[in-house]
Amino acid sequence: MMSLLDALAESQEPATLKMLSQATGLHPSTAHRILAVMTHARLVSRQEASTYALGIRLFELGNLVKARINLREIALPFMQRLHETIGEAINLGVRDEDDIIYIERTSGGRSLVRVVYLVGGRAPLHLTSLGKLFLAADTSEDVRAYAKRTGLPGKTPHSLTDLSTLEKELDKIRRHDVAYDNEEAELGLRCVASPVRNDEGVIVAGLSLSAPVDRHHPEWVEQIRKTAEEISRALGFNPARTRV
């Protein structure tokens, strides 16, 4: 049954019994028998010309799963694993209008040397690596409107308080899917972040690693990106399907 569902999910059009049998390695009679049961349960829909497609029941079940997903619960095991590997603070943040809100944080040991934003804390989008991820997902018009509303206030000499400079930074983020905070929220502290996407490819959160400047390592970029991708997949994100 699962192999048939996977085959139907990969097919862009309704599939014939022959196509499904070849894709799954099931004998046609076996595939036909299982498809009949799935059709009765509305997991599969039988189309014209004896072809098959995913059924409406999957849509109903999918919506229930989405409604019950707890982002923090899904992300926390991945965050803890990364924290144990690197030994620095790992943060999860979501957007709330013009702010980023920190909804989860794993820390301990040497990562406690600096704590900028605790769980529940807020920060302007342009001052944090997490917030920049969301700004990079906005249109140019939305970014200019954000700059006008907020005035792009700074906290350190490194803060991006100029719209032109911020736009160049956002363009880099769009190309590389990674954002940085280079002592822009607090002197001596550097952060790197990567986006977490849902099943529709929409950024729903950001995952970041924060540590003092003298402890940062270039290889952390790939580690934070990989962990964010794993969380995204756990939320149903499929890069190949999104590209299509």
Side-chain angles (χ1 to χ4, degrees), residues 71 75 88-105 114-198 200-229 231-232 237 239 242:
L71 176 59
E88 301 290 354
I90 310 299
N91 315 288
L92 185 70
V94 298
R95 181 175 186 170
D96 182 33
E97 298 183 351
D98 291 340
D99 290 336
I100 196 77
I101 300 179
Y102 292 80
I103 63 171
E104 188 56 85
R105 190 173 196 269
R114 291 177 181 270
V115 177
V116 182
Y117 297 110
L118 297 172
V119 172
R122 288 175 172 264
L125 296 176
H126 68 287
L127 290 183
T128 67
S129 56
L130 291 172
K132 290 177 189 174
L133 294 171
F134 286 94
L135 285 176
D138 281 348
T139 64
S140 297
E141 292 76 12
D142 288 337
V143 173
R144 287 193 290 269
Y146 167 83
K148 184 177 181 179
R149 283 194 307 273
T150 63
L152 299 180
K155 288 193 67 176
T156 78
H158 303 286
S159 299
L160 301 183
T161 57
D162 174 72
L163 177 57
S164 177
T165 304
L166 177 61
E167 288 177 325
K168 291 178 182 178
E169 181 82 1
L170 297 179
D171 186 54
K172 292 180 183 178
I173 295 170
R174 295 182 186 109
R175 293 199 306 269
H176 301 290
D177 230 18
V178 174
Y180 296 91
D181 165 6
N182 293 306
E183 300 183 81
E184 296 159 50
E186 180 178 324
L187 289 175
L189 190 73
R190 194 176 183 205
C191 303
V192 57
S194 193
V196 173
R197 295 182 168 89
N198 64 12
E200 298 177 350
V202 176
I203 297 177
V204 293
L207 187 75
S208 74
L209 183 156
S210 55
V213 172
D214 60 358
R215 292 212 297 255
H216 257 267
H217 294 284
E219 62 266 26
W220 289 353
V221 174
E222 188 55 37
Q223 289 175 288
I224 199 75
R225 181 191 284 121
K226 180 181 178 182
T227 303
E229 289 176 352
I231 297 172
S232 297
F237 177 59
T242 301

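- Across all non-hydrogen atoms, the minimal contact from Leu133 to Ala193 is CD1-CB, 3.8 Å.
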Glu167 and Arg144: side-chain contact (heavy atoms from CB on, under 4.5 Å), yes or no, with the steps? CA-CA 9 Å; Glu167 288 177 325; Arg144 287 193 290 269; 3.8 Å; yes

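- Glu88 has its side chain within reach of Leu209: a pair of non-hydrogen atoms, C-beta onward, lies under 4.5 Å apart.
- Taking 4.5 Å as the limit, some side-chain heavy atom of Glu184 sits within range of a side-chain heavy atom of Lys132.
- Residues Tyr146 and Leu125 come closest through the heavy atom pair OH-N, 3.2 Å.
- Counting only heavy atoms from C-beta outward, the side chains of Val196 and Val204 approach each other to under 4.5 Å.
- Proximity of a side-chain donor or acceptor of His216 to a complementary backbone N or O of Leu189 within less than 3.5 Å is not detected.
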With side-chain hydrogen bond (donor to acceptor under 3.5 Å, both in side chains) as the criterion, how do Asp181 and Thr128 come out once you've worked through the C-alpha distance, each side chain's angles and the decisive distance to 0.1 Å? CA-CA 5 Å; Asp181 165 6; Thr128 67; over 6 Å; no

In residues 168-176, what donor-acceptor pairs under 3.5 Å come from side-chain atoms, sequence neighbours left out?
residue: Asp171; atom: OD2; partner: Arg175; partner atom: NH1; Å: 2.5
residue: Arg174; atom: NE; partner: Ala136; partner atom: O; Å: 2.7
residue: Arg174; atom: NH2; partner: Asp138; partner atom: O; Å: 3.4

Is there a side-chain contact (heavy atoms from CB on, under 4.5 Å) between Val192 and Ser129? Walk through the geometry before answering. CA-CA 6 Å; Val192 57; Ser129 56; 5.9 Å; no

Any chance you could lay out the side-chain contact (heavy atoms from CB on, under 4.5 Å) test for Leu207 and Ile90, step after step, and finish with the verdict? CA-CA 7 Å; Leu207 187 75; Ile90 310 299; 3.8 Å; yes

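- Smallest separation of non-hydrogen atoms from Ser210 and Arg105: OG-NH2, 4.1 Å.
- Within the 4.5 Å cutoff, the side chain of Thr150 has no heavy atoms near those of the Pro124 side chain.
- In this structure the side chain of Pro195 reaches within 4.5 angstrom of the side chain of Asp177, judged on heavy atoms.
- Summarising the geometry of His158 relative to Asn182, their closest heavy-atom pair is CB-O, 3.4 Å, with the distance given to 0.1 Å.
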Output, in order, the C-alpha distance, side-chain angles, deciding distance and verdict of side-chain contact (heavy atoms from CB on, under 4.5 Å) for Val143 and Leu163. CA-CA 9 Å; Val143 173; Leu163 177 57; 4.1 Å; yes

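- Side-chain contact check for Ser159 versus Leu127: some heavy-atom pair is nearer than 4.5 Å.
- Using a distance-only test at 3.5 Å, with no hydrogens or angles considered, a donor-acceptor pair links the side chain of Ser232 to the main chain of Arg197.
- Comment: Glu229 does not engage Lys226 in a salt bridge, judged by the lack of any side-chain N to carboxylate O separation of less than 4.0 angstrom.
- Within the 3.5 Å criterion, the main-chain N or O of Glu200 finds a donor-acceptor partner in the side chain of Asn198.
- For Glu97, the CD atom counts as loosely surrounded, since its 6.0 Å shell holds 12 or fewer non-hydrogen atoms of other residues, nucleotides or ligands.
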